[in-house]
Amino acid sequence: MLRSIKKQTIPKISSQFIRFASTKKYDVVIIGGGPGGYVAAIKAGQLGLSTACIEKRGALGGTCLNVGCIPSKSLLNNSHLLHQVQHEAKERGIKIQGEVGVDFPKLMAAKEKSVKQLTGGVEMLLKKNKVDYLKGSGSFVNEHTIKIEPIEEGKEAFEVEAENIIVATGSEPTPFPGIEIDEERIVTSTGILSLKDIPKRLAIIGGGIIGLEMASVYARLGSKVTVIEFMNAIGAGMDGEVAKSTQKLLAKQGLDFKLGTKVISGTREGEVVKIEVEDVKSGKKSDLEADVLLVAIGRRPYTQGLNFEAVGLESDNKGRLIIDDQFKTKHEHIRVIGDVTFGPMLAHKAEEEGIAAAEYIKKGHGHVNYANIPSVMYTHPEVAWVGLNEEQLKEKGIKYKIGKFPFIANSRAKTNLDTDGFVKFIADAETQRVLGVHIIGPNAGEMIAEAGLALEYGASTEDIARTCHAHPTLSEAFKEAALATFDKPINF
C-alpha cells in the first residue's frame, strides 16, 4: 500500500524527487487502466510492489472493456443468436411460433450489463492485490512525479511520486481527414456501439476487423451494409487466401463490398449521410447515401494531456512513444506498453506487456514473444491466425508446405450444421516446424490457442498430428490440417 515519506529518508533521495512531504510515493505508478495498465498494476501488486493505477474514464478496462472488444462481442453473439433463430431454426427442427424480432434497447442493455459487471470485477481485482485506483487524468510533472486531475467534482488536483512509471494510455479511433464525427450519424467504433436505432443503411469506411465485425452485427439486425475499402482485399494482416474466402462468406450474408475504392468525402445532411467515392483504378467517381456512416480506418496512440514532452519522452511519426526491448524510454524507470507504443493494437498484446513490464521492474527480466501474437475476427464464421502468412514467407524467401482441412469434413461441424471454412497450416518445407496457422470457422478464436502453444514450443506439424484429439470435436480439423502438411488427412 502507499506510504508517506519519512523525514529520515529525505537525505537518501534527490531534492528533485521530493516536492512535498505529504506527497505519496509508490514503487510503481501506472497511467491508464486498460488491459495493459490494469494487468500491469495487478502483477506489480502480486509482486509486492506498492502500486497505483490512474484512470480517467471512471471505469477500468480501457477501450477494450468499455467501448471495444467486450461490448462488440456482446452484440456479435446476440445478433448471431437472432440470425440462427430467424434463418436456421426450421432446418434444425425447431418450431418458432409468432414473429421473431429485435428489441434494440434490450439488446443494448444486455451489452451494458456485461460491461458494468466486468469493469466492477477489475476494480475488485485491484483492491484484492492492494493497488490504489486513482480516478483522474495523469500527466507528467517531472521524471518521478505525476499530477492527477480528479474526475470527481469538488476534488482538487494532487500529485503522486513513483520510483517507476508505466505509461499505458492506449489508443483512439483514427479520424478521417475532412469527415466530421458527431457520433450520431457519422460515428467511430465508439458511437456504433451506442446507436439509438438500427440504421436501414449502414456504410463503413474500412474493411478491417472492427469494420467487418460491426458490419456483421448490423447486417444481422436488418441493415443494408456497404463496406468501402481502399485496398483490394479485406482484413488487413490476414493471409491472402483466407481474406478472399472470408469475403465470399460475408458477401453471402448480405454484405456489399466496394474494394479498391477511395472515399472523397462524407457529409451529414439532416438525417442522411452523403458519401462521395472514387474507384482507385479507373478514377470514376460515384455517390452513396447512408443513414449511418462508420469510420473504421484504424486507431492511433493516445497521448493527449500526458505532457510526455516535459520529461523528454520521444515519439515517432505515428505518434507512438519510443522504447527499447524492455519497454524503457530514455529514462530507465519510465516504461511504455500497449497501443501507445509499437506493435499490434491488441488487448492481449498489451496484457502480456503489462506482466512483462512489472516483472522487469521487480525481477530484472520479462518476456513477450511478438512472433506469437494471435489475431481474431469475431464474425461468423470466426477468423483467427497466428504466426506468418504466405505473403510474408514469400517475401522472406522461406520455403514452406501447406496443409488444409475443411470443416465440411469434420463430424462435429456437420452435426452443428456449421461447416463453412477450413484450417490452414503453413510449415517449414524441410523441418515441418509450424510457421503459421490460419483458421476460418466455428470457434476459430478458441482453437487458435493450440496453434500459439505449438509456435511457442517449436512444434512440428507431425507433433500435432500425433497428438490425440477428442472425438467428435472441431479441433480434429486442426489435427487433420497438420497431418496434411506431410501426409494425407484421414477424413478427407
Side-chain angles (χ1 to χ4, degrees), residues 63 66-80 82-83 86 101-112 115 172-230 234-235 247 250-251 253-259 261-278 285-299 377-380:
T63 293
N66 289 276
V67 288
C69 318
I70 299 304
S72 66
K73 300 315 164 282
S74 173
L75 294 179
L76 280 157
N77 181 68
N78 293 338
S79 64
H80 179 58
L82 172 70
H83 177 85
Q86 288 178 326
V102 182
D103 186 332
F104 196 60
K106 280 193 175 181
L107 192 77
M108 289 298 190
K111 164 185 68 78
E112 290 303 318
V115 169
E172 63 181 351
T174 300
F176 193 104
I179 295 182
E180 185 177 345
I181 303 293
D182 61 16
E183 297 296 16
E184 292 179 352
R185 293 290 171 182
I186 302 179
V187 301
T188 64
S189 55
T190 299
I192 195 69
L193 294 169
S194 300
L195 296 182
K196 294 179 181 178
D197 300 293
I198 301 169
K200 291 182 179 178
R201 300 167 298 176
L202 172 63
I204 299 172
I205 305 176
I209 290 178
I210 293 173
L212 294 176
E213 287 184 348
M214 290 300 97
S216 292
V217 167
Y218 284 95
R220 294 167 188 163
L221 296 179
S223 301
K224 177 177 171 51
V225 179
T226 302
V227 178
I228 308 163
E229 171 57 50
F230 181 80
I234 64 167
Q247 184 187 334
L250 294 177
Q253 297 172 18
L255 275 63
D256 180 27
F257 291 94
K258 292 187 178 297
L259 304 184
T261 302
K262 179 181 179 181
V263 174
I264 304 299
S265 65
T267 308
R268 177 175 178 174
E269 295 185 11
E271 300 303 300
V272 174
V273 181
K274 295 193 174 181
I275 310 151
E276 184 181 11
V277 300
E278 176 183 285
K285 296 182 179 180
S286 57
D287 296 316
L288 301 171
E289 285 191 359
D291 301 296
V292 172
L293 172 63
L294 167 60
V295 178
I297 58 172
R299 299 182 66 82
M377 183 170 77
Y378 297 88
T379 51
H380 193 88

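Just so it is clear, the model here is predicted, and its values are computed rather than measured.
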Requested in this report: Go through the structure and list residues passing side-chain contact (heavy atoms from CB on, under 4.5 Å) with T174, not counting sequence neighbours.
Outcome: I297, R300
**Report entry** Contacts of type side chain to side chain donor-acceptor pair (under 3.5 Å), residue Q247, not counting sequence neighbours
**Finding:** none
Under 3.5 Å, sequence neighbours excluded: what are the donor-acceptor pairs made by side chains of residues 67-75?
residue	atom	partner	partner atom	Å
S72	OG	G68	O	2.8
S72	OG	C69	O	2.9
K73	NZ	C69	O	3.3
K73	NZ	E213	OE1	3.1

Side-chain donor-acceptor pairs under 3.5 Å in residues 287-294, sequence neighbours left out?
residue	atom	partner	partner atom	Å
D291	OD1	R201	NH2	3.4
D291	OD2	K200	N	3.4
D291	OD2	R201	N	2.8
D291	OD2	R201	NE	3.4

Query raised in the report: Out of curiosity, M214 CE to L195 CG, how far, rounded to the nearest 0.5 Å?
Result: 10.0 Å
Query - Straight-line distance of F230 CZ to I205 CD1, nearest 0.5 Å - result: 13.0 Å
Query - Residues that I210 engages under side-chain contact (heavy atoms from CB on, under 4.5 Å), provided they are two or more places apart - result: S189, A296, R299
Report task. Calculate, to the nearest 0.5 Å, the distance between atoms CZ and CD1 belonging to F257 and I204 respectively. Result -> 9.0 Å
Report task. State, to 0.1 Å, how close L255 and A215 come at their nearest heavy-atom pair, and which atoms those are. Result -> CD2-CB, 3.5 Å
Report task. List for me each residue that meets side chain to side chain donor-acceptor pair (under 3.5 Å) alongside K285, sequence neighbours excluded, and say none if there are none. Result -> none
Requested in this report: List the steps, then state whether side-chain contact (heavy atoms from CB on, under 4.5 Å) holds for T188 with F176.
Outcome: CA-CA 10 Å; T188 64; F176 193 104; over 6 Å; no
**Report entry** Of all pairs that satisfy salt bridge (Lys or Arg N to Asp or Glu O under 4.0 Å), the ones with a partner from residues 176-192, not counting sequence neighbours
**Finding:** D182-R268, E184-R268, R185-E271
Report task. List the atom of I181, the atom of I186, and the distance in Å for their closest heavy-atom pair. Result -> CG2-O, 3.5 Å
Query raised in the report: Are L250 and V227 side-chain neighbours, meaning at least one heavy-atom pair lies under 4.5 Å?
Result: no
Query raised in the report: Could you give the distance from NZ (K274) to OG1 (T267), rounded to the nearest 0.5 Å?
Result: 9.5 Å
Query raised in the report: Partners of K262 by salt bridge (Lys or Arg N to Asp or Glu O under 4.0 Å), sequence neighbours excluded?
Result: none
Requested in this report: Not counting sequence neighbours, list each pair that qualifies as a side-chain hydrogen bond (donor to acceptor under 3.5 Å, both in side chains) and has a residue in residues 216-228.
Outcome: S79-R220
Query - Closest contact, heavy atoms only, K111 versus S194 - result: NZ-OG, 4.2 Å
Query raised in the report: Which pair of heavy atoms, one from G101 and one from L82, lies closest together, and at what distance?
Result: O-CD1, 3.7 Å
Requested in this report: With rounding to the nearest 0.5 Å, note down the distance linking CG in L76 to NE2 in H83.
Outcome: 13.0 Å
Query raised in the report: When rounded to the nearest 0.5 angstrom, what is the spacing between CG in L259 and OG1 in T261?
Result: 7.0 Å
**Report entry** L221 vs L107 side-chain heavy atoms within contact, under 4.5 Å
**Finding:** yes
Report task. Mind checking side chain to side chain donor-acceptor pair (under 3.5 Å) for N66 and listing every partner two or more places apart, or none if nothing turns up? Result -> none
Query raised in the report: Looking at I228 and I275, what are the two nearest heavy atoms and their distance?
Result: CD1-CG2, 4.4 Å
